[in-house]
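Okay, so here's the structure we're looking at.
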Amino acid sequence: MSKSSLSHVRNIGVAAHVDAGKTTLTERILYYTGASHKIGEVHDGAAHMDYLAEEQSHGITITSAVTRAPWRDHLLQIVDTPGHVDFTIEVERSMRVLDGAILVLDGVRGVEPQTETVWRQRSRFQLPVLFFVNKMDRPGADFRRALESIRKRLGAEPVPIVVPLPEEQAVVHLIHGTRLRFTGDQGREVIAEPCPASLWARMAGYREALLLAAAEAEDGLADRVLAGEDPEPAELWAALRRGTLSGAFFPCFGGSALRNQGVQPLLDAVVELLPAPLDRPPATAMRPNGTTEEVAMEAKGPLAALVFKVQMWEGRRHVFARLYRGRLRPGDTVEFLTSDGRTLKEHAARLFDVDAGRKTKLEEAGPGQIVLLAGLRHASTGDTLCQPGHVLSLERIETRRPVLSLAIEPVASGDEEKLVEALGKVQEEDPTLRVEEDAETGQRLLRGMGELHLQIVRERLEREFGLAVRAGRPAVAVRETIRSPAVGEALYAPPPIPEQKIPERTARARVAVTPLPRGTGVRLRSAVRVLPEGAVLSPEQTRALESGMRMAMESGPLQGSTVEDVDASLIEVELFGQASTLDALSAAAARATGRALQAATPALLRPVMAVEVVVPEDNLGTVLGDLQARRAAIHDTVREAGTVTIACEVPLEQLLGYTTDLRSQTQGRGQFSMLFDRFDLV
């Protein structure tokens, strides 16, 4: 793309808490822009963006989907992301390659737990955001309360632009002073009329908030606004754009996607307020030698493209990538650094433009584009595709550790190899999924982010790979820590085996361990005294000792789980000449660390979830009693419009199957959401 065409591109994502209506909103966007000829409804399993069979059967978005739509001579590249916490990696890696986002809120619930998670993800990449307060047609919906929840729970400054009028099935546009009605086929036609004086008077508070925000963003407007002058709409758009791009405030729009109200003004604001690729600061990349390089969004210069997703498509491996610099054509050779530091070269055999579940061949891709690539067998999430000879690494995509595991095996004993191959392919797609083997039982464990996550994987194994699998009850992942300081010492001196002619290997190490606050992780230090006196450790020997300590931290003394929140100091090493090989030093450090952990009052850490439960007031007592029986720590209860929101912390193992129990306690009216908070003593 040329610079002029890049200025007419908006690369945006649509994100929200589960069931806030973001896929419904995306369907309207596609229909009103002409990218789709009909509206597919989520409740009918016909949404254009939910193209996987599992998405259609469960009625939720599971994988992020990419599509394109034209609006007012601009090209919108849209990524529809999942709202369920189990699939938050899809949001994380999508945010990494976006320029802006639309966050959808439920007009009744306002900011919800997953909204906060999405907000943290967007904050990490400093993405400008528009809020769409959806479902304003529902009883109990309150636009003003939703804005206040943005201010209170996200610490962001909301600026109203479009105020919903659910009783009139219309909205008020505060910049233009008009009332908008949506008529014709599925609300496609927008009728704008001057806002009646009585209605405009009701909007005075919203209009004042908008003018003050614009004045704050544009110094030239401040005096005029304070003097009571009304700036022109073009001036307001320009000032609001400046404030939106800087993150000073966040424009808010109200409506109902399902009732076809308020979507077109939101599309106008995407063009007016959200950034083009050229408006974003250059990306910073790391060279192999440790120096940095700025990667500007331009066609000239060596290729730099970030792989943000791997997906099996029609049985073949494909990768999604966003180009930041240079051009890419079918057959080009790309070079990249893997996560373990290796450099690989591969051929990008084919390029595709993507529209949800459909792909179209491309002859060339340029900066700013999101494309699908076929032919890359080893490139994975987070890798930076580069021109050979000019290797860089853009910031990698962080993944979260799984918290729930499931023992699985094929129903047919002859399907063992087929299952291993299928699990390998699914793992490539999903960095939050792990397949491990239990050393004690020999069982194959599938580890994921939650019950729904693991259920979807099982369904995909059956549908895509024709594999019927048996599964045990979900088991919660644990970590280990210590409660007291301790010291461990070990002499590594295995008896020689003459017939194998293995040289003598001997080393001694002494390690001290101390507990650290929760969430600190593992800290390895070396305040080492080396014996005999005067001996000095080489860099290789130091690395071997650290490797041994780290190895011990990967298998705790209680259940062999990863150790966390521990400070480990190597305080003494004794060398025995040539017998102190690197292997001997590593083994001595590992054994000394293991003994120190064993003596330091080891304890298990279990995942603790931040939980929000919404129930009718009549059921509050029953639900609170049940939560306390599940060892919940109740933090807050908030009453709103006949419902109560309970904020609490609960150990994950106490929440297995909770959805069913909550429904039975509330006659199907209760709902809850949870987010991983930390590993802690329970």
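Counting from 1, the numbers follow the sequence of the chain as shown.
The closest side-chain donor-acceptor pair between Asp80 and Thr23 falls under 3.5 angstrom.
A side-chain donor-acceptor contact under 3.5 Å links Arg241 to the backbone of Glu272. Side-chain atoms of Arg181 come within 3.5 Å of backbone N or O of Glu168 as a donor-acceptor pair. Between the side chain of Arg96 and the backbone N or O of Glu395, at least one donor-acceptor pair lies under 3.5 Å. Under the 3.5 Å distance criterion, the side-chain polar atoms of Gln369 are matched with a main-chain donor or acceptor of Gly366. At distances below 3.5 Å, at least one donor-acceptor pair connects side-chain atoms of Gln264 with backbone N or O atoms of Gly187. Remark: the backbone N or O of Ala35 is not paired with any side-chain donor or acceptor of Arg68 at under 3.5 angstrom. A donor-acceptor contact shorter than 3.5 Å is absent between the side chain of Arg179 and the backbone of Glu193. When atom types are taken as modelled, the side chain of Arg28 and the backbone of Ala257 share a donor-acceptor pair closer than 3.5 angstrom. Looking at Gln169, its side chain never comes within 3.5 Å of a backbone N or O of Pro166 through a donor-acceptor pair. With hydrogens and angles disregarded, a donor-acceptor distance shorter than 3.5 Å links the side chain of Lys22 to the backbone of Thr81.
Taken to the nearest 0.5 Å, the CD atom of Glu294 stands 5.5 Å off from the OG1 atom of Thr284. Rounding to the nearest 0.5 angstrom, the gap separating the CG atom in Leu351 from the OG1 atom in Thr360 is 12.0 Å. Taking CD of Glu90 as the reference point, atom CZ of Phe308 lies at 9.5 Å (rounded to 0.5 Å). The distance from atom NZ of Lys309 to atom CD1 of Ile397, rounded to the nearest 0.5 Å, is 11.5 Å.
Note on ring orientation: taking the six-membered ring where Trp is involved, the planes of Phe250 and Phe131 are perpendicular (angle over 60°, cut-offs 30° and 60°).
In plain terms, the two heavy atoms of Trp119 and Leu154 that are nearest each other are NE1-O, 3.4 Å. Scanning both residues, Pro113 and Arg153, for their nearest heavy atoms gives N-NH2, 4.2 Å. Residues Ala269 and Phe253 come closest through the heavy atom pair CB-CZ, 3.2 Å. Contact detail for Cys648 and Val650: the closest heavy-atom pair is SG-CG2, 3.9 Å. Listed here is the closest heavy atom pair of Ala214 and Leu236: CB-CD2, 3.8 Å. Closest heavy-atom contact between Ala215 and Ala222: CB-CA, 3.7 Å.
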Problem - Worked check of salt bridge (Lys or Arg N to Asp or Glu O under 4.0 Å) between Glu148 and Arg151 - result: CA-CA 5 Å; Glu148 187 54 38; Arg151 185 178 289 111; 2.9 Å; yes
Practice task
Could you walk me through whether Lys135 and Asp19 pass side chain to side chain contact (heavy atoms under 4.5 Å, CB included), step by step?
Solution key: CA-CA 10 Å; Lys135 301 189 177 184; Asp19 203 32; 4.0 Å; yes
Exercise for the section: Could you walk me through whether Thr244 and Val159 pass the side chain to side chain contact (heavy atoms under 4.5 Å, CB included) test, one step at a time? Expected result: CA-CA 10 Å; Thr244 304; Val159 176; over 6 Å; no
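A side-chain hydrogen bond (donor to acceptor under 3.5 Å, both in side chains) with Arg109 holds for exactly one of His17, Glu640, Gln671, Glu612; it is Glu612. Here the rule is side chain to side chain contact (heavy atoms under 4.5 Å, CB included) with Val104, and of Thr24, Val14, Thr115 only Val14 fits it.
Judged by a 6.0 Å distance limit and a 45° cone about the ring axis, Arg144 is positioned over the six-membered ring of Tyr206. Note that Arg322 lies outside the cation-pi zone of Phe320, set by a 6.0 Å cut-off to the ring centre and a 45° limit from the axis.
Ile12 places none of its side-chain heavy atoms less than 4.5 Å from the side chain of Leu98. Leu274 places none of its side-chain heavy atoms less than 4.5 Å from the side chain of Asp99.
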